[in-house]
Amino acid sequence: AIGISTGGPPILAGMFKQLPASLPFPICIIQHIPKGFTESLICWLSKICPLPIVEMADGENLLPGVIYIAPGGCVASLKSQKTLSVVPETQINTPSPSVNVFFDSVNKFYRANALAVLMSGMGRDGATGLPHLYNSGAETIVQDRESAVVYGMPEEALKLKAARHVMTPDSIVAFIKKLADSKR
C-alpha cells in the first residue's frame with residue numbers, strides 16, 4: 001500500500017516505469033486526488049507502466065500484478081484480505097481518499113505480511129496509520145526528504161517512529177522488486 005499526496009503523480013510515474021511486467025502481489029495507491037480526476041491519472045500512468053492500472057471499485061477482488069488507485073471523493077479500504085471497499089466520502093475537510101483508513105484496513109488483514117509506504121504530501125494523513133503497521137511487524141517505508149515535494153506526511157510518520165526504512169523512490173522500487181523475487 002502506498003500513500004501519497006502533493007507531487008504524487010510524477011513520483012509514481014518514475015516508480016511505475018521501473019516495475020517488472022509481473023508482480024506476485026497487488027499494489028494499492030492512495031493518492032489524494034479530487035473526485036473525477038482518477039481516470040485521467042490512470043490513463044497517463046498506464047502509458048508508461050508495464051502493469052495494468054485500474055480504479056478501485058467496491059467489492060472488487062485484488063489480483064496479483066495489478067495496480068489499484070483509490071478514486072477521489074471516496075473512502076477506500078479492505079473488506080477482506082482480497083476484497084476492496086469503496087464508498088463515497090461523507091466527511092468534510094479530510095484528505096480524500098484517506099491513507100490512514102486504508103493503512104488501518106491493511107493492518108487488520110495483513111499485519112506483518114504488509115508493505116506500507118508513505119510518500120510526499122502535506123499534513124498527517126498516513127502518519128497515524130503507519131505506526132499500527134509498524135507495531136504489527138509490517139515493512140514500513142517513508143520517502144526521504146530530498147526527493148519529496150512536500151515532506152509533511154513522511155516527517156510526521158518519522159516523529160511517531162513508524163518507519164523501518166527511509167528511502168528514495170528508486171530505492172522503494174528496488175525494495176518492491178526484491179520482495180517480489182522472494183515471493184516467486
Side-chain angles (χ1 to χ4, degrees), residues 1-12 14-16 25-34 56 62 67-81 84-87 89-180 182-183:
I2 299 175
I4 193 164
S5 186
T6 310
I11 294 169
L12 293 173
M15 292 172 65
F16 287 1
F25 45 77
I27 296 178
C28 294
I29 306 294
I30 309 303
Q31 160 76 58
H32 294 163
I33 191 167
M56 291 180 183
L62 293 172
I67 297 173
Y68 297 87
I69 298 183
C74 291
V75 177
S77 62
L78 296 176
K79 281 185 191 179
S80 71
Q81 199 168 34
L84 291 165
S85 169
V86 178
V87 296
E89 174 66 62
T90 57
Q91 295 180 352
I92 298 173
N93 296 326
T94 60
S96 175
S98 170
V99 180
N100 282 326
V101 169
F102 199 82
F103 279 1
D104 285 345
S105 71
V106 169
N107 187 49
K108 178 179 178 182
F109 295 108
Y110 284 94
R111 304 193 60 76
N113 295 315
L115 169 61
V117 181
L118 191 58
M119 302 184 76
S120 181
M122 292 186 285
R124 297 180 50 105
D125 191 30
T128 57
L130 204 61
H132 303 140
L133 285 152
Y134 179 92
N135 291 334
S136 293
E139 289 291 351
T140 56
I141 300 171
V142 296
Q143 184 176 1
D144 71 309
R145 179 181 299 277
E146 292 75 26
S147 67
V149 175
V150 177
Y151 202 58
M153 290 165 34
E155 185 174 46
E156 290 299 321
L158 284 174
K159 287 178 184 176
L160 296 172
K161 298 180 174 36
R164 293 192 197 290
H165 312 278
V166 178
M167 298 181 170
T168 66
D170 290 345
S171 296
I172 295 167
V173 171
F175 193 93
I176 291 169
K177 289 178 177 178
K178 184 177 175 184
L179 183 62
S182 73
K183 301 286 182 193

Between Phe175 and Leu115, is any pair of side-chain heavy atoms under 4.5 Å apart? yes
Minimal non-hydrogen separation, Gly7 against Pro10, with atom names: O-CD, 3.3 Å
Would you say Arg145's side chain and Pro154's backbone share a donor-acceptor pair under 3.5 angstrom? no
Is the backbone N or O of Leu179 less than 3.5 Å from a side-chain atom of Ser182, with the two atoms forming a donor-acceptor pair by type? yes
Quick one: does any side-chain atom of Ser96 pair with a main-chain N or O of Gly72 as donor and acceptor, under 3.5 Å? no
Would you check if the side chain of Tyr110 reaches a backbone N or O of Gln81 as a donor-acceptor pair within less than 3.5 Å? yes
Could you tell me whether a side-chain N or O of Gln143 sits under 3.5 Å from a main-chain N or O of Thr168, the two making a donor and an acceptor? no
Any side-chain heavy-atom pair from Ser85 and Ser77 closer than 4.5 angstrom? yes
Quick one: does Thr140's side chain have a donor or acceptor within less than 3.5 Å of a partner on Ala162's backbone? yes
Residue list, side chain to side chain contact (heavy atoms under 4.5 Å, CB included) with Asp104, at least two apart or on another chain: His132
Non-hydrogen atoms of Leu118 and Met153 that approach each other most closely: CD2-O, 3.4 Å
Euclidean distance, Asn107 CG relative to Asn113 CG, rounded to 0.5 Å: 11.0 Å
Report the C-alpha separation of Val142 and Leu130 in whole Å, then their side-chain angles, then the decisive distance to 0.1 Å, and conclude whether the side-chain contact (heavy atoms from CB on, under 4.5 Å) test is met. CA-CA 9 Å; Val142 296; Leu130 204 61; 3.9 Å; yes
Is it true that, when you exclude Lys161 itself, more than 12 heavy atoms of the residues, nucleotides or ligands shown sit nearer than 6.0 Å to its NZ? no
Please check this pair: side chain of Arg111 against backbone of Gly137, looking for a donor-acceptor N/O pair closer than 3.5 Å. no
Exercise: identify the closest heavy-atom pair between Leu158 and Tyr151: CD1-OH, 3.2 Å
Are any non-hydrogen side-chain atoms of Met56 and Ile30 less than 4.5 angstrom apart? yes
Does the side chain of Asp125 reach to within under 4.5 Å of the side chain of Phe103, using non-hydrogen atoms? no
The reported gap from SG in Cys74 to CD1 in Ile33 (rounded to nearest 0.5 angstrom) is 11.5 Å
Smallest separation among heavy atoms of Leu160 and Ala127, with atom names: CD1-O, 3.2 Å
Considering all heavy atoms, the nearest Gln31-Ser5 contact: NE2-O, 3.1 Å
If you count every heavy atom of other residues, nucleotides or ligands that lies below 6.0 Å from Met167 atom CE, does the total exceed 12? yes
Return the CD1 to CG distance between Ile141 and Leu133, rounded to the nearest 0.5 Å. 12.0 Å
From CG (Leu84) to CG (Leu62), nearest 0.5 Å: 4.0 Å
Residue pair Cys28 / Phe102, side-chain heavy-atom distance below 4.5 Å: yes
Is the closest side-chain heavy-atom distance between Ile67 and Ile29 below 4.5 Å? yes
Using modelled atom types and a 3.5 Å cut-off, is there a donor and acceptor pairing between side-chain atoms of Ser120 and backbone atoms of Val150? yes
Sorted by chain and number, sequence neighbours left out, side chain to side chain donor-acceptor pair (under 3.5 Å) with Glu139 holds for His165
Could you tell me whether the side chain of Met119 reaches within less than 4.5 Å of the side chain of Val99, counting heavy atoms only? no
Side chains of Ile4 and Pro9 in contact at under 4.5 Å (non-hydrogen atoms): no
Looking at residues at least two apart in the chain, or sitting in another chain, which of them share a salt bridge (Lys or Arg N to Asp or Glu O under 4.0 Å) with Lys79? Asp58
Looking at CD1 of Ile172 and OG of Ser147, how far apart are the two atoms once the value is rounded to the nearest 0.5 Å? 7.0 Å
Spacing of CZ belonging to Phe16 relative to CD1 belonging to Ile2, to within rounding of 0.5 Å: 6.0 Å
